[in-house]
Trainee: 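So that we are looking at the same thing, I have put the structure below in structure tokens.
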Amino acid sequence: MRLAVEGLGVTLGGRRVLRDVSLAVAEGEHLAILGPSGSGKSTLLRVICGLRRPAAGRVLLDGVDATDVAAHRRGVGLVFQDASLFPHRSVGGNVGFGLELAGVGATERALRVAQALALVGLEGTEGREIATLSGGEAQRVALARAIAPGPRALLLDEPLGALDGPLRERLREDLRGVFERVALTVVHVTHDVAEAFALGDRVAVLREGEVAQIAPPGELWAHPADDWVARFLGMRNLRAHGDHVKVIRPEAVRLGPGGDAVVLAVERRGGAVLVRVRTTAGEMLEATTTDLVSPAPGDSVSVEIDPAGIVDVPAWAPEL
């Protein structure tokens, strides 16, 4: 299914939550919608699936205006941050709920429930009680429930937001595997940059209800639209000059022996190490290294910046 929204506007409680939002998702594409809390991500998802009607604009499904089509007739599956499983039903009963409502017979329903559970790595769990599931298992069941009716598109609203770090990473890998195996258009809302980059073919960054930038992860990192996008993605090496800002990506900052700067902090992030330094001129810089041996806090280091890792972007100014 091809998804598109054109000129969407939503106002809640007198506040504009979405402002003239337009974007398109190709059939089979995985789009991550990334932004801070309050940027309009979940509202956009609810408009796409039919749970909220926009004040302006329209929703197109396969090129047809579906703005007034009821949610259950859009052929779209939805997974919330809270798995929202029925505690009185078994795993199989939860996954088959939509099929049951659609009048699918017991034999066909059982087959499709088994297929959906196998797809999310929970084969043979149809009889388990919901209370026995871990947080990650519950979210997998919610995903299987959304997939079982055979939607042509899948919308996920912060599906990993309630999980802790290690479990979140494992389920993120599992989600990527599921996305690769199913021929579905996927729109995935998150505030986590690593999650968006891992799961999105493209990433749409929302800011105050507007699309600040939409691009593949590599392009977004290499060429942020402005200094706000750069900061939101986690870049801290910014040098303002007039109405522009030079963004120095952390991988472009190279450290060696010397006395140009002193190491303030070292933080290991898996195979990469983030090193924060203060130069003799008082500038704070962050460097990313994959060296097995990294400097320690208090060490003196030299600093060299690769010009290829510097990008000049406009300085963003919020509307008054």
Side-chain angles (χ1 to χ4, degrees), residues 1 3 25 27-31 42 45-52 59 61-62 66 69-163 167-168 170-190 199:
M1 175 183 286
L3 300 177
V25 190
E27 184 166 0
E29 183 182 14
H30 306 148
L31 176 72
S42 294
L45 209 67
R46 288 173 177 271
V47 170
I48 293 173
C49 73
L51 294 180
R52 182 172 296 282
V59 177
L61 303 179
D62 280 335
V69 175
H72 67 281
R73 297 187 181 279
R74 296 194 181 191
V76 172
L78 183 61
V79 179
F80 293 104
Q81 176 176 335
D82 176 357
S84 301
L85 300 177
F86 303 118
H88 61 285
R89 285 176 170 258
S90 65
V91 166
N94 269 274
V95 176
F97 180 71
L99 298 170
E100 187 177 338
L101 287 181
V104 176
T107 301
E108 174 68 13
R109 188 164 70 243
L111 175 62
R112 289 169 66 174
V113 166
Q115 290 173 336
L117 286 171
L119 191 62
V120 300
L122 289 176
E123 300 94 330
T125 61
E126 287 89 338
R128 283 185 62 180
E129 297 300 319
I130 296 303
T132 69
L133 300 176
S134 67
E137 288 173 330
Q139 202 58 281
R140 291 172 192 239
V141 172
L143 181 60
R145 181 175 61 186
I147 291 173
R152 296 174 58 206
L154 186 63
L155 309 181
L156 300 97
D157 190 2
E158 298 273 11
L160 310 183
L163 306 178
L167 181 56
R168 185 182 184 121
R170 287 201 302 274
L171 193 53
R172 186 173 71 197
E173 292 298 317
D174 292 341
L175 273 179
R176 184 160 54 190
V178 170
F179 291 172
E180 290 171 353
R181 291 193 295 273
V182 297
L184 287 176
T185 303
V186 177
V187 179
H188 175 201
V189 158
T190 181
L199 297 175

Trainee: Mind checking side chain to side chain contact (heavy atoms under 4.5 Å, CB included) for Leu51 and listing every partner two or more places apart, or none if nothing turns up?
Mentor: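 Once residues adjacent in sequence are excluded, the partners of Leu51 under the side chain to side chain contact (heavy atoms under 4.5 Å, CB included) criterion are Arg46, Cys49, Ala71, Leu78, Phe80.
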
Trainee: Holding to side chain to side chain contact (heavy atoms under 4.5 Å, CB included), I want the full list of residues that pass it with Ala148, two or more places apart in sequence or in another chain.
Mentor: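 Side chain to side chain contact (heavy atoms under 4.5 Å, CB included) check on Ala148 returns Val95, Leu99, Ala116.
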
Trainee: Please collect all salt bridge (Lys or Arg N to Asp or Glu O under 4.0 Å) contacts where either partner lies in residues 122-131, sequence neighbours excluded, each pair once.
Mentor: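 Sorted pair list: Arg128-Glu137.
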
Trainee: Could you work out, with side chain to side chain contact (heavy atoms under 4.5 Å, CB included) as the rule, every residue matching Ile130, not counting sequence neighbours?
Mentor: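 In terms of side chain to side chain contact (heavy atoms under 4.5 Å, CB included), with neighbours along the sequence ignored, Ile130 is linked to Leu85, Val91, Asn94, Leu133.
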
Trainee: Once side chain to side chain donor-acceptor pair (under 3.5 Å) is applied, do any residues pair with Thr125, and if so which ones, sequence neighbours excluded?
Mentor: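 For Thr125, no residue satisfies side chain to side chain donor-acceptor pair (under 3.5 Å) once neighbours in sequence are set aside.
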
Trainee: Without swapping roles, check the side chain of Arg112 against the backbone of Pro149 for a donor-acceptor pair under 3.5 Å.
Mentor: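 At least one qualifying donor-acceptor pair exists.
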
Trainee: Sub-3.5 Å donor-acceptor pair from the side chain of Arg152 to the main-chain atoms of Gly75, do we have one?
Mentor: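 Not at all, since once roles are kept as given, no pair shorter than 3.5 Å links the two residues.
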
Trainee: Sort and list the pairs that fulfil ring pair (Phe, Tyr, Trp, His ring centres under 6.0 Å) and have at least one residue in residues 127-146, not counting sequence neighbours.
Mentor: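 Sorted pair list comes back empty.
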
Trainee: How would you list all residue pairs meeting ring pair (Phe, Tyr, Trp, His ring centres under 6.0 Å) that involve residues 89-109, not counting sequence neighbours?
Mentor: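 For residues 89-109, and leaving out neighbouring residues, the ring pair (Phe, Tyr, Trp, His ring centres under 6.0 Å) pairs sorted by first residue read Phe86-Phe97.
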
Trainee: With heavy-atom distances below 4.5 Å as the criterion, would you say the side chains of Val59 and Leu61 are in contact?
Mentor: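 Sidechains of Leu61 and Val59: in contact.
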
Trainee: Which residues pass the salt bridge (Lys or Arg N to Asp or Glu O under 4.0 Å) test with Arg109, sequence neighbours left out?
Mentor: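 Salt bridge (Lys or Arg N to Asp or Glu O under 4.0 Å) check on Arg109 returns nothing, list empty.
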
Trainee: Could you tell me the separation between the CG atom of Leu45 and the NE2 atom of His188, rounded to the nearest 0.5 Å?
Mentor: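 One finds 9.5 Å between CG of Leu45 and NE2 of His188.
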
Trainee: Not counting sequence neighbours, which residues clear side chain to side chain contact (heavy atoms under 4.5 Å, CB included) with Ala153? List them please.
Mentor: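 Ala153 satisfies side chain to side chain contact (heavy atoms under 4.5 Å, CB included) with Met1, Leu3, Val76, Thr185 only.
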
Trainee: For Val186 and Leu31: C-alpha separation, side-chain torsions, deciding distance, then whether side-chain contact (heavy atoms from CB on, under 4.5 Å) applies.
Mentor: CA-CA 6 Å; Val186 177; Leu31 176 72; over 6 Å; no

Trainee: Any pair with a residue in residues 96-108 that passes side chain to side chain donor-acceptor pair (under 3.5 Å), sequence neighbours left out, goes on the list, sorted by first then second residue, please.
Mentor: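 Passing the test, one end in residues 96-108: Arg89-Glu100.
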
Trainee: Answer whether the closest heavy-atom distance between the side chains of Val79 and Leu155 falls below 4.5 Å.
Mentor: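 Of all side-chain heavy-atom pairs linking Leu155 with Val79, none is under 4.5 Å.
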
Trainee: At what distance, to the nearest 0.5 angstrom, does CG of Leu143 lie from CG of Leu119?
Mentor: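 CG of Leu119 is found 7.5 Å from CG of Leu143.
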
Trainee: Quick one: list whatever passes salt bridge (Lys or Arg N to Asp or Glu O under 4.0 Å) with Arg145, sequence neighbours left out.
Mentor: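 In terms of salt bridge (Lys or Arg N to Asp or Glu O under 4.0 Å), with neighbours along the sequence ignored, Arg145 is linked to no residue.
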
Trainee: Hey, could you give me the CG/NE2 distance between Leu101 and His72, rounded to the nearest 0.5 Å?
Mentor: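 Rounded to the nearest 0.5 Å, the CG-NE2 separation comes out at 10.0 Å.
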
Trainee: Measure the NE2-CG distance between His30 and Leu154 for me, rounded to the nearest 0.5 Å.
Mentor: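 It is 9.0 Å, given to the nearest 0.5 Å.
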
